[in-house]
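Source: prediction; values computed, not measured. Worth knowing before you read on, the calculation uses all heavy atoms, side chains too, and leaves out hydrogens, waters and symmetry mates. Protein chains get the first letters and strands the later ones, always in sequence-line order, with residue 1 at the start of each.
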Number of protein chains: 2
Amino acid sequence: MPLEKSRASSSTKKRVRDAEATKLRILEAAKKEFARNGLEGARVDTIALDAKANKRMLYHYFKSKDGLFRTLLEREYLNIREEETKLNLENLPPRTALETLVRFTWEYYIANPEFITLVNSENLCQAVHIRNSPTLKTISQKFIRRIQSLLDRGVRENIFREGIDAAQLNITIASINYYYFTNRFTGSVIFERDFTAPEALKERIAFNIETICRLVCKN
Amino acid sequence: MPLEKSRASSSTKKRVRDAEATKLRILEAAKKEFARNGLEGARVDTIALDAKANKRMLYHYFKSKDGLFRTLLEREYLNIREEETKLNLENLPPRTALETLVRFTWEYYIANPEFITLVNSENLCQAVHIRNSPTLKTISQKFIRRIQSLLDRGVRENIFREGIDAAQLNITIASINYYYFTNRFTGSVIFERDFTAPEALKERIAFNIETICRLVCKN
DNA sequence: AGCATAACGCACCGTATAGTTACTTACACA
DNA sequence: TGTGTAAGTAACTATACGGTGCGTTATGCT
C-alpha cells in the first residue's frame, strides 16, 4: 500500500457525496476566516482545510474568493433580517417594541460577532460585492418600512415624537451597538476597561436603550 | 553615458538628503495606502513608490510593515486629540461645548477619512500595534478627564443630567459619527441614498447633535 | 580637504497565494 | 446493471509579496 487513497483503505470514514453539506461547511469556514482576517487577509487554503473540503470545490461552487465572500455576505444579511422579523414588533406596544429592537441588535452582534467584521470588510472595498444585489435591496426596503410603521404607530399613540426619520433612527441604533463591538480592542486601550466584561456589557446596553428612548419618546 | 546616475546627469533634479522629509512622505503615502486597502491589503511597494522613496528606506526608518503602521497610527491618534484640545471646551457654556464636541468629531472624520479606516484595521488585528503604547494611554486619560469635567460643570450649572459616564458618552458620540462614515457604502445600498450628498450630511449631523443633547441635557 | 556617518538605491530571495489542470469516484436513473 | 454527470482530489503554476544584502552618494564636522 504505497499511497493511501483517502477513503478507500481507512476504517470508519464513510465519506458521502453531499453538495449542500459541503457548500455549507465551506461557508461556515469562510465566515470564520473572513471575520478573523478580513477579505485580503483570509486564506482560501485555510478555508478549504477548515471546511474539510478541497480547494477545488470552493472554486467549483463559488467561482472565486470574492464570489465566496459575496454569497456569504448576502446570507448573513438575510439571516439578521429574518431573525429580526421574528420579534413581531408590530404586536408590541411602541415603547416596548423600540426597546426590543435595540436589545435585539445588541444581542445579535454578541451572538454573531462575525457579522460586524464581514460588514467592515465589505465597506473597505466600497461594497462591490453587494452593490447590485436585488435581494439585499428588497429585504432592506421591507425592514425600513417596518421601522417606519412602528414610528408612525408610536406617534399616533402619542408616545413617540413626530418627524423622526426611520433611516436616521436605524443608523443610530446600529451605530451605538455596532461601534462598541467593532472598536472594542482600541476601546479597551483608550478607556482602560474590558469592553467584554459582563458588567461592562450590562452597563452599555442600558445606556444604549436610554439613548434611543430619550431620542424617540416624548418627555 | 551608459548608466544614468539619478541626480548627476539630469537637469534640474537636485535631490537633497532630508531624513525627516522622507519619513513624512512615507507616512503620508502609508496613510493613503493603508486606508484604501487595509493592513493586509496595503502593499509596501506601492507606499514606497507613492512616497518617491526607496523601499529600503521604508524598512530603514520603520523596521517593518507593522512598524510603519504602528508609527502612523500613533501619530493619527495624537493628531485628533491635539485638534480637539484646540476647541477650548472648558471656556464654552456646557451645552455649546457639547455641541461643539459632536460637530468637531463629525468634521474631523470628514476632513480625515483615513482615520476611521486605520482604526478599523487596528481593531481587526485586536489592537496589537497600540496595545502597549504609553503615549496613547496618557493622551486618552487626559481626553476623558476633559469630558468628565465638562459633564460635571454642566451638572453644577443645572444644564446636564446627573450620573452620565464620560466614557459611555464618548463612545456614543464617536459611534453615531464614525458608523455613518465607515458604513457609508453598505449604507448607501441598504438605505438607497447617497450618504455623502451635502443634504444627507447636513441632515445627519443635525440628527446626531439632537441625539446627544437629548441624552445629556435636562428637559 | 578629508572623513565618518547617515541617506539612499538596485537587484535579488524565499515563500505564500489565488487559481488551475487533469484526474478519480460516487450516485441517480435508465 | 450500466452509464452520464456531478462530487471530490492531489499536484502544480505563475506571480506577487515582504523583506534584505550590499554597494553608492551626500552632508556635517574637524
Side-chain angles (χ1 to χ4, degrees), chain A residues 1-10 13-27 29-30 33-34 36-72 121 125 128-129, chain B residues 1-10 13-27 29-30 33-34 36-72 121 125 128-129:
Chain A
M1 185 164 48
L3 181 62
E4 190 164 348
K5 281 292 180 55
S6 67
R7 189 201 59 81
S9 54
S10 63
K13 197 64 168 295
K14 169 94 179 304
R15 179 175 276 297
V16 206
R17 298 193 160 202
D18 189 337
E20 284 313 308
T22 305
K23 276 188 212 176
L24 270 178
R25 286 203 316 279
I26 292 174
L27 283 167
E33 175 70 2
F34 281 128
R36 184 180 298 275
N37 298 312
L39 184 52
E40 290 262 3
R43 300 294 161 231
V44 286
D45 292 86
T46 307
I47 294 172
L49 191 74
D50 185 44
K52 295 182 211 308
N54 191 279
K55 187 163 55 154
R56 197 64 190 78
M57 288 291 93
L58 189 157
Y59 282 94
H60 181 239
Y61 291 129
F62 304 104
K63 301 277 186 286
S64 64
K65 188 184 182 183
D66 284 283
L68 174 58
F69 188 79
R70 167 178 291 112
T71 306
L72 174 62
S121 290
C125 62
V128 282
H129 302 90
Chain B
M1 185 162 51
L3 182 62
E4 190 162 347
K5 281 294 179 52
S6 67
R7 187 201 61 80
S9 54
S10 63
K13 197 64 167 297
K14 170 94 179 301
R15 179 175 276 294
V16 206
R17 298 196 160 200
D18 188 337
E20 284 311 308
T22 304
K23 275 189 211 177
L24 269 177
R25 285 203 316 278
I26 293 174
L27 283 167
E33 176 70 2
F34 280 129
R36 183 180 297 276
N37 299 312
L39 183 52
E40 291 260 4
R43 300 295 162 231
V44 285
D45 292 86
T46 306
I47 294 171
L49 192 72
D50 186 43
K52 294 181 209 310
N54 193 279
K55 189 164 52 156
R56 201 70 190 75
M57 286 294 92
L58 189 158
Y59 282 92
H60 180 241
Y61 291 129
F62 303 104
K63 298 280 186 287
S64 65
K65 189 183 181 182
D66 284 282
L68 174 58
F69 188 79
R70 167 179 289 112
T71 307
L72 174 62
S121 290
C125 62
V128 282
H129 302 91

State which of C/dA18, C/dC8, D/dG18 makes the closest approach to the side chain of A/Lys55.
-> C/dA18

Please work out which residues in residues 59-66 of chain B have a non-hydrogen atom less than 4.0 Å from an atom of DNA chain C and list them by number.
-> B/His60, B/Tyr61

Residues passing the side-chain hydrogen bond (donor to acceptor under 3.5 Å, both in side chains) test with B/Asn37, sequence neighbours excluded, are B/Glu33

Calculate the interatomic distance between B/Leu39 atom CG and D/dG18 atom P; express it in whole Å.
-> 10 Å

Round to the nearest Å and state the distance from B/Glu20 atom CD to D/dA26 atom P.
-> 21 Å

Nucleotide D/dG23, atom C1' - distance to CG of B/Asn54 in whole Å | 13 Å

Using the test ring pair (Phe, Tyr, Trp, His ring centres under 6.0 Å), find all partners of A/Phe62 that sit at least two apart in sequence or belong to another chain.
-> none

Is a donor-acceptor contact shorter than 3.5 angstrom present between the side chain of B/Arg56 and the base of D/dG23?
-> no

Name all residues meeting the side chain to side chain contact (heavy atoms under 4.5 Å, CB included) criterion together with A/His60; count only those two or more places apart in sequence or in a different chain, and write none if there are none.
-> A/Arg56, A/Met57

Grab the CG-P distance between A/Asp18 and C/dA28 for me, whole Å please.
-> 10 Å

Salt bridge (Lys or Arg N to Asp or Glu O under 4.0 Å) partners of residues 38-47 of chain B, not counting sequence neighbours, each pair once = A/Glu40-B/Arg43, A/Arg43-B/Glu40, B/Asp45-B/Lys55

Of all residues at least two apart in sequence or in a different chain, which pass the side chain to side chain contact (heavy atoms under 4.5 Å, CB included) check with B/Ala19?
-> B/Tyr61

Would you jot down, in residue-number order, the residues of residues 40-49 of chain B having a non-hydrogen atom under 4.0 Å from DNA chain D?
-> B/Ala42, B/Arg43, B/Val44, B/Asp45

Kindly write out the residues that satisfy salt bridge (charged side-chain N to carboxylate O under 4.0 Å, His left out) with A/Asp50, not counting sequence neighbours, or none if the list is empty.
-> A/Lys32

Write down the distance between CG (B/Leu58) and P (C/dG9), rounded to a whole number of angstrom.
-> 13 Å

Qualifying residues under ring pair (Phe, Tyr, Trp, His ring centres under 6.0 Å), relative to A/Phe69, sequence neighbours excluded | A/Phe34, A/His129

Could you tell me whether a side-chain N or O of B/Lys52 sits under 3.5 Å from a main-chain N or O of B/Arg25, the two making a donor and an acceptor?
-> no

